2 protein chains.
Amino acid sequence: MLELNQKEWDAFSNIFVFRSVPKKCRLTDAGEIAREAYFINKGLARLYFLKEGEEINANFVFENGFITSFESFLLQNQSRQVVETLEESELLVLRKHKLDELTKAFPKFNIFNKIMAEQAFFMLQRRASSFILDSAEQRYLDMVQQRPNILERIPQHMIASYLGVTPVSLSRIRKRISGE
Amino acid sequence: MLELNQKEWDAFSNIFVFRSVPKKCRLTDAGEIAREAYFINKGLARLYFLKEGEEINANFVFENGFITSFESFLLQNQSRQVVETLEESELLVLRKHKLDELTKAFPKFNIFNKIMAEQAFFMLQRRASSFILDSAEQRYLDMVQQRPNILERIPQHMIASYLGVTPVSLSRIRKRISGE
DNA sequence: CCATTTCATTATCAAAAGATAATAAATCAC
DNA sequence: GTGATTTATTATCTTTTGATAATGAAATGG
């Protein structure tokens, strides 16, 4: 799909910079422009909204995943979401202006941009339709099936807002399920 | 952003085909591959899920808008959504394989693909966050503000599922609002 | 044009979820 | 290690929403 010669590959790998960060490190704050996107080599990060001081989790991203406030990164406007590590992490940092330079030098990388936008869309599409079509209980069951590492590595009250319910309600859902 | 010479412009405009369709015309069915996307010249179409026989509206698209089952169109897999006109419509039809041919001939059009994926993402992002952050009542108020043509041209029971509530519940929301 | 169907509202009842508080368990900081 | 904080569960109460049915209004289709 994206076949690169040596020169292109060098240019591509050079736009990523390694960075080590502690846990609870805010990589992008709400209101600020997401000038970077992060490939997670080791560790774990989350994306969340702030609503009246309350944190509402939109996504959790693990090893080999890619995280950023996509809308802000793509449009370079103020982010409505926060990107924050949950564990000590090792990141490959992609800077937007570097990516733009690369795309200018090698138009072929427009395909990379396309793939990034598409992936962000597909991810969101799956999530949005589960909110539209399924109950919170079904969403929880699907999550356990499809993303078991969330259950293992994320505290329950954070999972609650990810599923769109209160921590109390999630606890009730779990009880309901276990008693069946 | 996408500057074209005469040849490119000709090639681009040639991939669109005009089509007139009656109302309630199914342009893409669930389970079928969306081989086309539609620019709406005149008329109105909607995108909806089928859940146990029930239609759950995901979007309404008016004149000068672009509609397709994006995931299916982009990946050429089975669509989980239906595309259907609500009024007699005039469409500019874009066939996927034509677009692929164009992109192959003029790699520049990768930017078009990128923009399409981005737009689909931004639209969905706005909608998904309203489901996560706002109440159905707030969603209704926002809709009245930002997309008043929905209220004017779409029957209320279809708006209900678009907002994620039952028709009865939407009727209650409207009563609550009017009595304030 | 009229019969039939669809649509929006309202009432009633049941189920689910939020708010709040109490408690016990787990985790964290020093 | 221990005191303080955070977290998960449970109980109680309230609010919201859904399910269902009834009604009148509007739209539809021969």
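Here the structure is a predicted model, which is why all the values come from computation and not from measurement.
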>> Each nucleotide in nucleotides 11-30 of chain D should get exactly one letter: B, S or -. Can you fill that in based on protein heavy atoms under 4.0 Å?
In response: BB----SBBB----------
>> Please report the interatomic distance OG(B:Ser161) to OH(B:Tyr48), rounded to the nearest 0.5 Å.
In response: 10.5 Å
Taking only distance into account, with no hydrogens and no angle test, what donor-acceptor pairs under 3.5 Å do side-chain atoms of residues 11-21 of chain A form with protein atoms, sequence neighbours excluded?
residue	atom	partner	partner atom	Å
A:Ser13	OG	A:Trp9	O	2.9
A:Ser13	OG	A:Asp10	O	3.2
A:Asn14	ND2	A:Asp10	O	3.1
A:Arg19	NH1	A:Glu36	OE1	3.3
A:Arg19	NH2	A:Glu36	OE1	3.4
A:Arg19	NH2	A:Glu36	OE2	2.9

> Residues from residues 148-157 of chain A sitting under 4.0 Å of DNA chain D, heavy atoms only?
Replying inline: A:Pro155, A:Gln156, A:His157
>> Please enumerate all residues that pass salt bridge (charged side-chain N to carboxylate O under 4.0 Å, His left out) together with A:Arg46, with sequence neighbours excluded.
In response: A:Glu55, A:Glu84
>> Using the salt bridge (charged side-chain N to carboxylate O under 4.0 Å, His left out) criterion, which residues pair with B:Glu32? Sequence neighbours excluded.
In response: none
>> Tell me every residue that passes side chain to side chain donor-acceptor pair (under 3.5 Å) with A:Glu87, counting only those two or more places apart in sequence or in another chain.
In response: A:Arg153
> Which residues pass the ring-ring contact (aromatic ring centres under 6.0 Å, His included) test with B:Tyr162, sequence neighbours left out?
Replying inline: B:Phe60
>> In whole Å, I'd like the distance from the CE atom of A:Met158 to the P atom of D:dT6.
In response: 12 Å
> Partners of A:Phe122 by ring-ring contact (aromatic ring centres under 6.0 Å, His included), sequence neighbours excluded?
Replying inline: none
> Stepwise, does the side chain to side chain contact (heavy atoms under 4.5 Å, CB included) test hold for B:Leu170 with B:Arg174?
Replying inline: CA-CA 6 Å; B:Leu170 176 56; B:Arg174 284 162 54 86; 4.2 Å; yes
> Can you give the first and last nucleotides of DNA chain C, 5' to 3', that have an atom under 4.0 Å from a heavy atom of chain A?
Replying inline: C:dA17 to C:dT20
> So, A:Ser129 side chain and A:Gln125 main chain: donor-acceptor pair closer than 3.5 Å or not?
Replying inline: yes
> Which value, rounded to the nearest 0.5 Å, describes the distance between A:Thr68 atom OG1 and A:Arg35 atom CZ?
Replying inline: 12.0 Å
> Got a sec, which residues hit salt bridge (charged side-chain N to carboxylate O under 4.0 Å, His left out) with B:Glu90, two or more places apart in sequence or on another chain?
Replying inline: none
>> Using C1' atoms of five pairs at each end, report the bend of the helix from C:dC1-D:dG30 to C:dC30-D:dG1 rounded to 10 degrees.
In response: 70°
>> Restricting to salt bridge (charged side-chain N to carboxylate O under 4.0 Å, His left out), what partner residues turn up for A:Glu71, sequence neighbours left out?
In response: none
